[in-house]
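Below is one structure; the comments refer to it alone.
What's counted below: heavy atoms across the whole structure, side chains too, no hydrogens, waters or symmetry copies. As the structure lists them, so they are numbered: ligands from 1, and atoms in each ligand from 1. Just so we're clear, the structure is a prediction, and the values are computed from it rather than from any experiment.
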Amino acid sequence: MVNDFSYIDENLRIIRERAGEAFAKYRNSGDKLRIMAVTKTVAPEAVNHAVSLGLDLLGENRVQEYLSKKDFYEKSAEVQFIGSLQTNKVKYIIDSVTMIQSVDSIRLAETVSRLAVKSNRVIDILCEVNIGGEDSKGGIAPEETGDFIERVSQFEGIRIRGLMTIPPPCDSDIFLGRMQELFNTVSEQKKSVVSMDTLSMGMTHDYAEAIKYGSNIVRIGTGLFGARNYDIKK
Ligand SMILES: *Cc1c(COP(=O)(O)O)cnc(C)c1O
């Protein structure tokens with residue numbers, strides 16, 4: 001039997017339409033915006049269908065799951081890591097992802113740096129910020145972001161491209177706005193050490209708002225692939 005993935009076509013059509021509306025309304029035409037397909041719990045066949053529709057960026061949360069699926073992915077898609085990452089697992093992903101969005105400790109940054117240097121490459125990273133100050137989430141405190149970036153910018157093998165966040169689900173509007181402010185402030189303050197061009201925020205429930213507040217990568221899972229069988233705690 002051939003799988004029917006037409007629901008993905010329809011979901012993506014809606015996402016592109018809404019994202020396009022928000023972009024046209026709030027952004028400059030030269031701004032960058034990418035839609036990331038977040039693949040957790042989704043079968044590689046469905047992921048590849050999304051790739052065939054032009055989505056060229058995949059987001060991975062869990063090392064184990066990623067390793068079990070990556071050989072089945074369409075090679076044309078770029079993969080970035082977006083989940084919480086233990087230092088002892090970096091070695092499994094470093095050679096096949098183009099960016100790690102979820103760097104939130106000096107220890108993790110050090111490990112990424114060491115392994116990147118060993119593989120003779122430079123890896124892009126984002127610093128994950130816990131903009132809502134929630135205990136349940138990873139990320140550095142907003143007020144520590146500038147210092148964190150300053151320190152990490154000195155590590156070899158790492159290029160800091162910007163910030164990532166998962167705002168609290170309620171009032172995400174307020175937090176998305178704060179995140180945009182933080183991004184602008186830190187980019188300006190640290191421009192002698194880093195050149196930041198990427199703000200990753202916005203998921204299924206808030207991507208249109210995130211685009212309004214300057215997001216360059218919206219990360220969409222359920223809105224594209226439908227409800228997950230199980231949910232992954234961040
Ligand atoms: C699961 C996940 C998403 C996508 O969430 P949806 O609500 O399914 O769109 C985005 N970012 C991260 C870090 C995630 O873990």
Exercise. Please work out whether any backbone atom (N, CA, C, O) or any side-chain heavy atom from C-beta onward of I166 is under 4.0 Å from ligand 1, and answer side chain, backbone, both or neither.
Key: side chain
Quiz item: Should the pair K137-E134 be classified as a salt bridge under the 4.0 Å nitrogen-to-oxygen rule?
Solution: yes
Quiz prompt | Salt-bridge contact K191-E188 (side-chain N to carboxylate O under 4.0 Å) | solution = yes
Exercise. Going by heavy-atom distance to atom 6 (P) of ligand 1, choose the closest among D206, T204, V218, I15.
Key: T204
Practice problem: Enumerate the atoms of ligand 1 whose separation from the nearest heavy atom of I220 is less than 4.0 angstrom. | Solution: 9 (O)
Exercise. Would you mind checking if E150 and K190 are paired as a salt bridge, meaning a charged N to carboxylate O distance below 4.0 Å?
Key: yes
Quiz item: Among M203, K40, E128, which one has a heavy atom closest to atom 14 (C) of ligand 1?
Solution: K40
Exercise. Give a yes/no verdict on whether any heavy atom in Q101 is under 4.0 Å from an atom of ligand 1.
Key: no
Quiz prompt | Ligand-side contact atoms (ligand 1) for residue partner G221, heavy atom cut-off under 4.0 Å | solution = 4 (C), 6 (P), 8 (O), 9 (O)
Self-check item: E143 CD: over 12 foreign heavy atoms closer than 6.0 Å
Solution: yes
Quiz prompt | Atoms of ligand 1, numbered as shown, that sit under 4.0 Å from any heavy atom of I82 | solution = 11 (N), 12 (C), 13 (C)
Quiz item: Does atom CG of N120 have more than 12 heavy-atom neighbours, drawn from other residues, nucleotides or ligands, at distances under 6.0 Å?
Solution: no
Self-check item: Under-4.0 Å heavy-atom contact with ligand 1, by part of R228 that carries it
Solution: side chain
Quiz item: Ion pair present between E45 and K69, side-chain N to carboxylate O less than 4.0 angstrom?
Solution: no
